[in-house]
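Each chain gets a letter, A, B and so on, in the order the sequences are listed, and its residues count up from 1.
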Amino acid sequence: MERRNSKSLSDTNQRTNEPTYQRTDSSYQRTACGATGLVLEEPTLFEQSVPGRRGISLPAIDVPAFNPCEAFGDLVRDKAPELPELAESDVARHFTRLSTRNFSKDLGFYPLGSCTMKYNPKIANKVAAMPGFADTHPFQPLSSVQGNLRICYELERWLCEITGMNAATLWPAAGSHGELTGMLMIRAYHTARGNPRSKVLIPDSAHGTNPASAVTCHYDVVTVQSGPDGLLDPKAVAEAMDKEVAAIMITNPNTLGVYEENFKAVADIVHAKGGLVYCDGANLNALMGFVKPGEIGADAMHINLHKTFGTPHGGGGPGAGPVAVSRALEPYLPMPRIAKNGDNYTTISDKPESIGRINTFFGNFGVLLRAYVYIRELGAEGLVGVTKMATLNANYVKARLKDAYDLPYSRPSLHECVFSDKRQNAYGVKTLDIAKRLMDYGCHPPTIYFPLIVHGSIMIEPTETECKELLDEFCDAMLTIASECEKTPELVKNAPSRPFRRRLDEAKAARDAVLKE
Amino acid sequence: MRYLPHTNEEIRKMLAVIGAKDVGDLFSSIPKDHRCNPELNIPGGISEQELWAQMNSIAMKNRTLSCSASFIGAGAYRHYIPAAVSELASRSEFTTPYTPYQPEISQGTLQAMFEYQSQICRLFDMDVSNASHYSGATALADAALMARRISKGRKAIIVPDSVHPEYRRVLESVLCDGDSIRLIPSSCGRVDRAKFAAALDGDVAAAVVQFPNFFGIVEDFRDIADSLHKAGALLIAATPEPIAFGILTPPGSWGADIAAGEGLSLGLPVSFGGPTLGIFTTRDQFTRQMPGRICGKTIDAEGREGYVLTLSTREQHIRREKATSNICSNQTLCATTAAIYLSMLGKEGIRELANINAAKADYLKKTLSAIKGVSIPFEARTFNEFVFETAKPAAELLAKLDAQGIIGGVDLGRFYPDTDQMILVCVTEMNTREEMDRYAQVLAQVVR
């Protein structure tokens, strides 16, 4: 096997002037523990594999000898899958080392706009790991999973209360899966009225998942231009609206973090022509206790439990994207529904108008359970406090940065704010550079280049769980970077220099497409 | 509130910087007639200690699988999870970041993704894997959409009824034009070759086969792969139980063009069925048609190896309505868990584990079939699950078994017509011989 890391290691060591430890009897080398300031090069699992090692102990077989070749004949695999062979200690060290290369919410400020990276309460994980929940099966007799069904039933009720909706499904596994589910229901609703219709209106500021979800449901996307103030323009909606429009998809507050003050007017225009209103609930963290989208005209809304309700993002999932709906859409909710008769919880799987199933079993139940724990601990007042402090934090950051960075839209912000790189462009510096430079200051960069309606957008969502000192550290870093852009732009353009890796060559990754070992 | 760090003094200072009198002012952009009652009708907050007590009492309303002898699978299989797997996967460095949009500070998640993709390709004998889908069922639905895109204009998907009933329902919902699914009934628990041939024409984009199928049966699909390929259609393989590939032929070896699967068996708790892990793999030539995140290897500005999310021009955040799928978040933490689990098992461990599963299931199958009044309706090779039939309603037998502390399986009548005297039974390494003998003993009594 080639020594994949030999070049990079010698580089590392020239830089740090630290000794290397080289295994002479094996095919890879790594730096000695702790010798490089705990920044450890780590070969892949496969490079570390040693034939004959294993990391698992299995119980002795207690049934008569079994010969797979006799039992399965030509269906027996001719060669064992080439999984790496490692002892448990090798595996433990490998993944612990990998974990140290991640910036995470528990490590620091993570203002990724539109993602609501709030602190994830530890108690939720502890509850989800309880055998009473983790060791239950979706096809057990319902009488033996009454606790699980109660969690689902009450969570559905609470989400309906928070969003002002009538009923909900908990089974979509993520926000975009919720969008798909919502749009499938909207299609079923129109189909039941004789015409599924052919178009969906989507503002140009929307998340990319909105058009992608609509198209999956066989709809054509009609893009609605935002007004000069970044808001949805009722006139533009009215012009685009006709009897072939199945729905409009609105994010509120929108992806600029600005409240869509024409939401009701737009909903009225759409409803007047028989269309429905889908609300993208990615930004629900800004609304709890202030606005219930169901009360101002939304017919369906997904809720990202991993955003608003603090379940861990897991490096990209699992999340959960329950969809709450108005009375008009309730018959189309996916199966199963959870019902309560007296003190007994049960499931309903035979509603004829339902769109069917959109996931197996009970969706990402472990995530639902964590969200239940979050809501139960915070309670009504706690949730409203979340929205208030999330908005306070975003406005504080906006106030501190607005003199140094261009604010393309001046409307009041709720839970997040969006800047552009216009001023820094004058020094040849782009948003990407600013983002990378932030890493050198110990912060995760904001969301960048989204929403698309802002050139070089920098979308900052601090969330409510961050204290003033941390916000100040971030703002100080952003202000320092703004001044670096003027004085030492090369420093910013070559960032980051401090993390585990410098800028990675994404073009090469796409060109070579090395997707496995 | 312990998750809100703000003191009143800090709030005052922050408001002064903003130039607002109170926090309520910050919401002035919300019109009065949009405002709701600020008092939400949900219970008030409680302390962690009270919460823990309350969650314990709710959990007590569940009966755990370990309280009984459990023989229930049907797509969610209980396997032993080594302590190191849960402990490593629950490190907050893995649980609390999001999608690695910034690779320089996300190399941990990215390398784990790359290693997951590599291990899954080896296990499935496929060329390329994505970084995960939501579940086996949603991966399968996206596979069908992908096959339609590849076949340019062909609509129909052949689906035997031996595919997991819930997978089929998800597929129907997502395709949302039910008539393009050509459902073919099984013959003796296997794909009926004559009906399959009759369903295969020039409008077929792909056929789905499940291995092991919903009845636990493994069958040779090479003939099906051949006839699909001759007809210009694709073979989509679905597997609910990838542990089977420890000893059985993986989809890549029998001609699958897309292989989807459920990875719940790979180190994840059953947890009432989720979070799941959708496995999605394909052949090299279809890489750019795949849905979802994919991690690739590259170098950094100093020439050091590193990993990034790649081929993102397929994805919704770039392509919007022209994306290959609407998927955004996936199940990365579940994939990381699977990567840890598979590296603990290793090449020999997975073979041994698969062998234990098959051996134990074979023992129970033989033991139960020896009972008077119990028969095996489908004579076929099975992995860790099989179907038996009696003259009594399955629901009644299962209730009687349950009363004796045995979760005996799943009533097949729940999913198929005319099968309400059949029970789908699963055996994994978690079931001891003693449990199985007791199952046989009790069944012999109640079946009379």
Worksheet item: If you tally heavy-atom pairs under 4.5 Å against chain A, which of Ala84(B), Ala20(B), Ser66(B), Ser325(B) wins?
Response: Ser66(B)
Item to complete: Pick one of side chain, backbone, both or neither for Met436(B), based on which atoms fall under 4.5 Å of a heavy atom in chain A.
Response: side chain
Worksheet item: Can you find a pair of side-chain heavy atoms, one from Pro103(B) and one from Glu506(A), that are under 4.5 Å apart?
Response: yes
Discussion item. For the backbone of Arg357(A) and the side chain of Ser173(B), can you confirm whether one donor and one acceptor N or O come within less than 3.5 Å of each other?
Written reply: yes
Worksheet item: What part of Leu392(A) gets closer than 4.5 Å to chain B, counting heavy atoms only: side chain, backbone, both or neither?
Response: both
Worksheet item: Which answer fits Met55(B), side chain, backbone, both or neither, if we ask what part of it has an atom under 4.5 Å from a heavy atom of chain A?
Response: both
Worksheet item: So what's closer than 4.5 Å to chain A heavy atoms on Arg35(B): side chain, backbone, both or neither?
Response: both
Fill in: Under 4.5 Å from a heavy atom of chain B, the part of Leu378(A) involved
both
Worksheet item: What is the distance from atom CD1 of Ile327(B) to atom OG of Ser213(A), rounded to the nearest 0.5 Å?
Response: 10.5 Å
Practice prompt. Could you grab the distance from atom CD of Glu82(A) to atom SG of Cys121(B), nearest 0.5 Å is fine?
Written response: 14.0 Å
Discussion item. Please classify the contact between Ile72(B) and chain A as side chain, backbone, both or neither, with a heavy-atom cut-off of under 4.5 Å.
Written reply: both
Discussion item. Do Thr298(B) and Asp505(A) pair up side chain to side chain, a donor and an acceptor below 3.5 Å, judged on atom types alone?
Written reply: no
Practice prompt. Would you indicate whether the side-chain heavy atoms of Pro59(A) and Thr432(B) approach each other to under 4.5 Å?
Written response: no
Worksheet item: Taking the side chain from Asn62(B) and the backbone from Gly132(A), do they hold a donor-acceptor pair closer than 3.5 Å?
Response: yes
Worksheet item: Using non-hydrogen atoms only, which part of Ile340(B) is less than 4.5 Å away from chain A: side chain, backbone, both, or neither?
Response: both
Worksheet entry | Contacting moiety of Leu342(B), where chain A heavy atoms sit under 4.5 Å | both
Worksheet item: Considering only heavy atoms, which portion of Asp512(A) lies under 4.5 Å from any heavy atom of chain B: side chain, backbone, both, or neither?
Response: neither
Item to complete: Verify ring pair (Phe, Tyr, Trp, His ring centres under 6.0 Å) between Tyr134(B) and His177(A), making sure each step is shown before the conclusion.
Response: CA-CA 9 Å; Tyr134(B) 311 128; His177(A) 198 208; 4.6 Å; yes
Item to complete: Select one option (side chain, backbone, both, neither) describing which atoms of Leu145(B) are under 4.5 Å from chain A's heavy atoms.
Response: side chain
Item to complete: Against chain B, label His444(A) side chain, backbone, both or neither, depending on which of its atoms sit under 4.5 Å from a heavy atom there.
Response: both
Worksheet, complete the sentence: Honestly, the part of Val410(B) sitting under 4.5 Å from a heavy atom of chain A is side chain
Discussion item. Please rank His317(B), Glu10(B), His6(B) by heavy-atom pairs under 4.5 Å with chain A and give me the top one.
Written reply: His6(B)
Worksheet, complete the sentence: Whatever's closer than 4.5 Å to a heavy atom in chain A on Val270(B) counts as both
Worksheet item: Can you say whether Lys436(A) sits under 4.5 Å from chain B via the side chain, the backbone, both, or neither, judging by heavy atoms?
Response: side chain
Practice prompt. Examine whether an atom of Ile42(B) lies under 4.5 Å from a heavy atom of chain A, and if so say whether it belongs to the side chain, the backbone or both; otherwise answer neither.
Written response: both
Worksheet item: Is it true that Arg381(B) and Asp74(A) make a salt bridge, defined as a side-chain N closer than 4.0 Å to a carboxylate O?
Response: yes
Worksheet item: Parallel, tilted or perpendicular for Tyr259(A) and His34(B), by the 30°/60° rule?
Response: perpendicular
Discussion item. Check for me whether Arg122(B) meets the cation-pi criterion with Phe46(A), that is, NZ or CZ under 6.0 Å from the six-membered ring centre and within 45 degrees of the ring axis.
Written reply: yes
Discussion item. Is the shortest side-chain heavy-atom distance between Val63(A) and Asp362(B) below 4.5 Å?
Written reply: no
Discussion item. Which one wins on heavy-atom pair count under 4.5 Å against chain A: Cys176(B), Ser253(B), Gly349(B)?
Written reply: Cys176(B)
Discussion item. Under 4.5 Å from any heavy atom of chain A, what part of Arg293(B) do you find: side chain, backbone, both or neither?
Written reply: neither
Fill in: Which atoms of Ala80(A) approach chain B - backbone, side chain, both or neither, heavy atom under 4.5 Å
both
Practice prompt. Please state whether the side chain, the backbone, both or neither of Glu39(B) comes within less than 4.5 Å of a heavy atom of chain A.
Written response: backbone
Discussion item. Ring-plane angle category for Phe365(A) and Phe272(B), please: parallel below 30°, perpendicular beyond 60°, tilted otherwise.
Written reply: perpendicular
Worksheet item: Between Asp220(B) and chain A, which part of the residue has a heavy atom less than 4.5 Å away: side chain, backbone, both or neither?
Response: both
Practice prompt. Measure Pro43(B) against the heavy atoms of chain A and call it side chain, backbone, both or neither at under 4.5 Å.
Written response: both
Discussion item. By the definition side-chain contact (heavy atoms from CB on, under 4.5 Å), identify the one residue from Ile56(A), Leu83(A), Val91(A) that meets it with Ser343(B).
Written reply: Val91(A)
Worksheet item: Do any N or O atoms from the side chain of Gln140(A) and from the backbone of Arg63(B) form a donor-acceptor pair under 3.5 angstrom?
Response: yes
Practice prompt. Could you tell me whether Arg502(A) and Glu104(B) have a side-chain N and a carboxylate O separated by less than 4.0 Å?
Written response: no
